[in-house]
Amino acid sequence: MAVVIINGEAKVSESRKSVTIWEDFIVEYKDGNKFERKRKWTVWFDQPIQTIETGDWVELKGELSTKLETYEK
């Protein structure tokens with residue numbers, strides 16, 4: 001399984017069992033153009049967390065898991 005390290009500003013859920021993090025990164029294309037982008041991560045915990053608060057800057061390391069589903073805007 002893939003291991004990822006992410007960082008960004010945390011938003012803790014009401015249940016305190018998940019945290020949403022928007023990661024900023026830069027995409028560079030072959031033609032030299034660069035664009036700043038954002039990637040949304042959601043991290044789930046087995047127990048309510050007490051050490052992270054909304055607005056905290058965090059760096060997290062863990063195993064990546066994904067779920068396939070359909071999406072319509």
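Values below: every heavy atom of this structure, side chains too, minus hydrogens, waters and symmetry copies.
- Taking a 4.5 Å side-chain heavy-atom cut-off between Ile, Leu, Val, Met, Phe, Trp and Tyr, the cluster of Trp44 contains only that residue.
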Enumerate, atom names and distances included, each donor-acceptor pair closer than 3.5 Å involving a side-chain atom of residues 18-30, sequence neighbours excluded.
{"unit_1": "Ser18", "atom_1": "OG", "unit_2": "Ser13", "atom_2": "OG", "d": "3.2"}
{"unit_1": "Glu23", "atom_1": "OE1", "unit_2": "Arg39", "atom_2": "NH1", "d": "3.0"}
{"unit_1": "Glu23", "atom_1": "OE1", "unit_2": "Trp41", "atom_2": "NE1", "d": "2.8"}
{"unit_1": "Asp24", "atom_1": "OD1", "unit_2": "Lys38", "atom_2": "NZ", "d": "2.8"}

Mind listing the side-chain donor-acceptor pairs of residues 45-67 below 3.5 Å, one per line with the distance, residues two or more places apart or on another chain?
{"unit_1": "Glu53", "atom_1": "OE2", "unit_2": "Arg16", "atom_2": "NH2", "d": "3.2"}
{"unit_1": "Thr54", "atom_1": "OG1", "unit_2": "Val12", "atom_2": "N", "d": "3.0"}
{"unit_1": "Asp56", "atom_1": "OD2", "unit_2": "Glu53", "atom_2": "N", "d": "2.8"}

